Protein chains: 2
Amino acid sequence: MNKYINKIITGDSLQKLSNKEIFPDNSIDLIITSPPYADRRANTHKSSEYVEWFLPIAEQLKRILKPNGSFILNIKENVAKHERQTYTYELLLELKEQGWMWREEYCWYKNTSFPGYWPKRFRDNWERIYHFSKDIEIKFNRNAVKVPIGKWAEKRFNGKDIEHDKKRHVSKTGSGLSREVNKWKGKKEVDPHNVLEFTPVTNNINHSAAYPVYLPLWFIKLLSKKGDLILDPFMGSGTTAIAALELERKYIGIEIQASYSKVARKRIKEYKKSKIDS
Amino acid sequence: MNKYINKIITGDSLQKLSNKEIFPDNSIDLIITSPPYADRRANTHKSSEYVEWFLPIAEQLKRILKPNGSFILNIKENVAKHERQTYTYELLLELKEQGWMWREEYCWYKNTSFPGYWPKRFRDNWERIYHFSKDIEIKFNRNAVKVPIGKWAEKRFNGKDIEHDKKRHVSKTGSGLSREVNKWKGKKEVDPHNVLEFTPVTNNINHSAAYPVYLPLWFIKLLSKKGDLILDPFMGSGTTAIAALELERKYIGIEIQASYSKVARKRIKEYKKSKIDS
DNA sequence: GTTCCGCATGAATCGATAG
DNA sequence: ACTATCGATTCATGCGGAA
């Protein structure tokens, strides 16, 4: 497979993924992708067709992912005839059936959703990001995504210890919960949570797109190590590849439209050049 | 049914809801509730059992809701053995089968999630809020939930028009959406979106609870009119009733635990008293 | 009045140990 | 083997009385 590393393959995802020469079993560290959503113009498209299209692809992804790897899937259902479509719901249940472990659903809180007016609905400002794995044990580098502690901490710890915080607290619900707030004294950073906001950063590799680079950056940091191999089976304009390079990982991408592959290769070239120049 | 208006009924939800004397067909304007999540202590509880428990209740809710009414359901799945449970997913699909229209899924972005440490996951900071209806046409008072326009507008419109903004902007995705940014010039308030943060507003009622009052307040404003009848079939400590009173709506609540009914009645009494005193 | 400080507490899970 | 209990881990906010 070496000759495919750091390359974008133009072709059909299912076909390429099924090729064991390109993708041997257990060879990928992290899969991260944002597949094309069910085509809203094709109203005849039933949810089940979307699921049927995706499932064999997911089967191959499961074959080629390493046991301690992760699969990140960004997806959101469209609205048709005043109702949200159910293909994300059906797909998730089928992926479970297929043997994937559903580890988490992140809420990607997009503060830049497209404006618009709908009679009985507001702007759609969030998308689902599913985290799947094959096994319980996965790479999970929480230290790579810490965030600054809230301002409350400053006020709270400006001086002497608070006695009460050292005591044990028992919750009414019967779940024993203890804490020692003083342990956080001096902490600068804390774990993030599962609503991802990505406050706008002025990054030179930032690209105003439906799939901004900070998204793969965050998950690559969290779920892989340097030198790992990242796959995006729906590469589009190459954002996942850029993120992988930025973090010193390797990538493989698949893209069916030659025009997109071309754009992606160009972006990657320009990115590499800008790295050398700077 | 008049004798049940502005009352909390102690009893089993399914049994009470099935009583046509209390709840005639098409008699409720808005249902808003946060039912107990699947009990994680009962590990034998399968997702399907939760769904089977809820479905007949939902069937009655559909019977008693007015055609232009709405059903707001707040729910989130627990995690067990490193995986998210699927009962919310199964339930949604079954509710669709039952004939409900799935209008929206709001993300309730909670600023006060429970702290804790898990090996391969972060804190859970959001919950699902489903909006269902029986028909396409529903009450939807968007003007009641407007929010102040973001600071970006000030910057953008501080003086001269921006040429780019005068032109129609066509989305790259081909969705056919377009905008004319200058239309927003001078606007003070805009529509909200489907990620609900409830930043420091409407804090007039003090009660730290899992189900804070601003939640029903928001949906009651959006989806009902003054004098309408609001039902909460899992009333708990009466938060939905307080919200209904605050907005001059009527309420009916059901609660199985007498201790909770008592608390709720007390809270309502105190709320009424505080209104008169002030 | 307004800010500050201490107190209280919220839909949590997991692995280990005890029964 | 199987279930019940226990300890460990973790942030952020609101309220009330004090300064």
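Order of the sequence lines fixes the chain letters, A, B, ..., with proteins taken first and strands second; residue numbering starts at 1 for each chain. This one's a predicted model, so the numbers in the text were calculated from it and none came from an experiment.
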Undergrad: Quick one: ring-ring contact (aromatic ring centres under 6.0 Å, His included) partners of H193(A), sequence neighbours excluded?
TA: Y109(B)
Undergrad: What nitrogen or oxygen pairs link the protein and nucleotides 15-17 of chain C at under 3.5 Å?
TA:
{"from": "dG15(C)", "atom 1": "OP1", "to": "H82(B)", "atom 2": "NE2", "distance (Å)": "3.2"}
{"from": "dG15(C)", "atom 1": "OP2", "to": "H82(B)", "atom 2": "NE2", "distance (Å)": "3.4"}

Undergrad: Atom CH2 of W108(B) and atom C1' of dG10(C): how far apart are they, to the nearest Å?
TA: 10 Å
Undergrad: Can you tell me how far P of dA12(C) sits from NZ of K120(B), to the nearest Å?
TA: 23 Å
Undergrad: I need the CD-P distance between E104(A) and dC14(C), as an integer number of Å.
TA: 11 Å
Undergrad: Excluding sequence neighbours, so at least two apart, what forms side-chain hydrogen bond (donor to acceptor under 3.5 Å, both in side chains) with S13(B)?
TA: none
Undergrad: What is the distance, rounded to the nearest whole Å, between atom CZ of F114(B) and atom C1' of dC14(C)?
TA: 14 Å
Undergrad: Yes or no on side-chain contact (heavy atoms from CB on, under 4.5 Å) for V79(A) and Q85(A), after CA distance, side-chain angles and deciding distance?
TA: CA-CA 6 Å; V79(A) 175; Q85(A) 302 295 95; over 6 Å; no
Undergrad: Going by ring-ring contact (aromatic ring centres under 6.0 Å, His included), name the residues that satisfy it together with F219(B), two or more places apart in sequence or in a different chain.
TA: Y106(B)
Undergrad: Is N78(B) close enough to dA12(C) that one of its side-chain N or O atoms is under 4.0 Å from OP1 or OP2 there?
TA: no
Undergrad: I need the W100(B) CH2 to L61(B) CG distance, nearest 0.5 Å.
TA: 5.5 Å
Undergrad: Can you measure E189(A) atom CD to dC11(D) atom P for me and round it to whole angstrom units?
TA: 11 Å
Undergrad: So D191(A), base contact, sugar-phosphate only, or nothing? Heavy-atom distance under 4.0 Å.
TA: sugar-phosphate
Undergrad: If you find the nucleotide of DNA chain C closest to S113(B) and the one closest to R84(B), which residue's nucleotide is nearer the 5' end?
TA: S113(B)
Undergrad: Which salt bridge (charged side-chain N to carboxylate O under 4.0 Å, His left out) pairs, counting each pair once, include a residue from residues 87-96 of chain A, with sequence neighbours left out?
TA: K96(A)-E83(B)
Undergrad: Would you please classify the geometry between the F54(B) ring and the F71(B) ring as parallel, tilted or perpendicular, with 30° and 60° separating the classes?
TA: parallel
Undergrad: Where are the stems of DNA chain C, defined as at least 3 consecutive Watson-Crick or wobble G-U pairs with both distances under 3.5 Å?
TA: C:2-10 with D:11-19, C:12-19 with D:2-9
Undergrad: CZ of F122(B) versus P of dA12(D): gap in Å, rounded?
TA: 13 Å
Undergrad: With sequence neighbours excluded, tell me which residues meet side-chain hydrogen bond (donor to acceptor under 3.5 Å, both in side chains) with D228(A).
TA: K139(A)
Undergrad: Between dT13(D), dC14(C), dT9(D), spot the one nearest the side chain of Y117(B), thanks.
TA: dT9(D)
Undergrad: Could you give all pairs that pass the salt bridge (charged side-chain N to carboxylate O under 4.0 Å, His left out) test and reach residues 107-126 of chain B, with sequence neighbours left out?
TA: E137(A)-K120(B), K76(B)-D124(B), R84(B)-D124(B), K110(B)-E127(B)
Undergrad: Measure CD1/I149(A) against C1'/dT13(D) and give the value in whole Å, please.
TA: 13 Å
Undergrad: From the set dT10(D), dT13(C), dT13(D), return the single nucleotide nearest to any side-chain atom of W152(A).
TA: dT13(D)
Undergrad: Should R121(B) be listed as having a side-chain N or O under 4.0 Å from OP1 or OP2 of dC14(C)?
TA: yes
Undergrad: Using the side chain to side chain donor-acceptor pair (under 3.5 Å) rule, collect all pairs that involve residues 253-264 of chain B, keeping only residues at least two apart or in two chains.
TA: T10(B)-S261(B)
Undergrad: Do any side-chain nitrogens or oxygens of K110(B) fall under 4.0 Å of OP1 or OP2 in dT13(D)?
TA: no
Undergrad: Between dA18(D) and dG1(C), how far apart are the two C1' atoms, rounded to whole Å?
TA: 14 Å
Undergrad: Scan P192(A) against the nucleic acid and name what it touches under 4.0 Å (heavy atoms): base, sugar-phosphate only, or nothing.
TA: nothing
Undergrad: For R103(A) and dC14(C), give me the distance from atom CZ to atom P, rounded to whole Å.
TA: 9 Å
